[in-house]
Number of protein chains: 2
Amino acid sequence: MPHRDQSVETIQREMTAFARRARATAARTHPELSLVSFTLLSHLEDRGGCRATDLAAHYLLDKSTVSRQVAALERLDLVERRVDPDDHRVQVLHLTERGVATLAQVAATRRTAFEERLTGWNEADLSRFAAYLLRYNEAAERLS
Amino acid sequence: MPHRDQSVETIQREMTAFARRARATAARTHPELSLVSFTLLSHLEDRGGCRATDLAAHYLLDKSTVSRQVAALERLDLVERRVDPDDHRVQVLHLTERGVATLAQVAATRRTAFEERLTGWNEADLSRFAAYLLRYNEAAERLS
DNA sequence: AGTAAGAGTTGTATAAGCCAACTATCTGTT
DNA sequence: AACAGATAGTTGGCTTATACAACTCTTACT
């Protein structure tokens, strides 16, 4: 097998292995906020609020799934909805104060976990790894 | 924010984004074999057969979950069980002929998808990316 | 006005997962 | 030899995540 194919094979296997474990790990370390909820909140923070439809498109989820997830996050007082004054169909979602705080706390724990796994890496490797992941995900997004 | 933290942050975000999408993508492209089933079959192929308990440990799944997954794969005639002659508690799982064929087919489609996303990468970058992922996952496994 | 499109919700079904309780087998100690 | 404890796996019961389809409400276009 040529070098190239072998690398592709490894990348495939390792990305898959990571994906497979991510949810279980997230559930174990953050029973209060599932991986999905966490990413939804992160996205809201990133964008400074967005619509449910945007979340669905970005995470390849059905809009009904997002609707229920958002409802749950609202019940937990992590997210609030503001009807768009220019278009009464849309509800712009925003983090509440509690949402911001909870996200920050979970993000910190997660960051610690990642830092542990990245102990001993030098800065050049880290930044190259980060760049590769960005490049890969951009392609994945374009092609999906 | 120092360079290092920024890289860790990016790695965390991008790995998470990938994990978040992996299941949806897998479900879309392979309705016949979920991401979990696929990884279980792959593991069986890799090891040339193993116990349900090993699968559970490796993928951080409850043994009851694995039991049901395996039962489903058996119903589909993708996996067969052979009671260990030395220990009648143990059922060693093996791919059936159909299992091997199905796995090969799905793996090929997945590989194509990965190759598409990795178009334009040179060999050095690919092999470095693969190495980073391996290194990362090894650490993750050690620390879990 | 009237139709088409978009945003979101709700009903229904399925799958995946966990925990706890159980059976069957094996191992080690007395 | 016998019993206690550990291990492999199954099953019952429950929760959650997800998809699809049908629906309402609002906006946009003609």
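Protein chains get the first letters and strands the later ones, always in sequence-line order, with residue 1 at the start of each. Note that the structure is predicted; figures quoted are calculated from it, not measured.
Side-chain contact check for B:Val36 versus A:Arg20: some heavy-atom pair is nearer than 4.5 Å. B:His43 is listed as a side-chain neighbour of B:Tyr59, based on a closest heavy-atom distance under 4.5 Å. A 4.5 Å side-chain heavy-atom check between A:Leu33 and A:Leu78 finds at least one atom pair inside the cut-off.
Counting any heavy atom pair closer than 4.0 Å across all strands shown, B:Thr53 reaches sugar-phosphate atoms only and no base atom. Residue B:Ser34 is in sugar-phosphate contact alone, with no base atom involved, counting any heavy-atom pair closer than 4.0 Å across all strands shown. Within the nucleic acid shown, A:Arg51 comes within 4.0 Å of sugar-phosphate atoms alone, with no base atom in reach, counting heavy atoms only. Using a 4.0 Å heavy-atom distance criterion, B:Val66 is classed as making no nucleic acid contact. As judged by a 4.0 angstrom heavy-atom cut-off over every strand, B:Val70 is placed among residues making no nucleic acid contact.
The 5' end of DNA chain C is approached more closely, in terms of each residue's nearest nucleotide, by B:Gln69 than by the other of B:Lys63 and B:Gln69.
From the 5' end on, the contacts that DNA chain C makes with chain B at under 4.0 Å to a non-hydrogen atom open and close at C:dA16 to C:dC26. Protein chain A touches strand DNA chain D; the 5'-most and 3'-most nucleotides with an atom under 4.0 angstrom of its non-hydrogen atoms are D:dA17 to D:dT27.
The stretch residues 72-94 of chain B comes close to DNA chain D through B:Arg81, B:Arg89, B:Val90, B:Gln91, each having a heavy atom under 4.0 Å from the strand.
A cation-pi contact, defined as under 6.0 Å to the ring centre and within 45° of the axis, is absent between A:Arg128 and B:Tyr132. Cation-pi geometry between B:Arg111 and B:Phe114 is not satisfied (NZ or CZ under 6.0 Å from the ring centre, within 45° of the ring normal).
No continuous path of hydrophobic side-chain contacts links A:Met15 to A:Leu60 [ILVMFWY only; heavy atoms under 4.5 Å].
For A:Arg47 and A:Asp54, the salt-bridge test fails: no basic side-chain N is under 4.0 Å from an acidic carboxylate O. Look at A:Arg13 and B:Asp46 and you find no salt bridge, because none of the NZ, NE, NH1 or NH2 atoms lies under 4.0 Å from a carboxylate O.
Closest approach of B:Ala26 to B:Leu35, counting heavy atoms only: CB-CB, 4.0 Å. Heavy atoms only, all atoms of each residue included: B:Gln12 and A:Ala107 are closest at NE2-O, 4.1 Å.
A ring-centre distance under 6.0 Å is not found for B:Trp121 and A:Tyr136.
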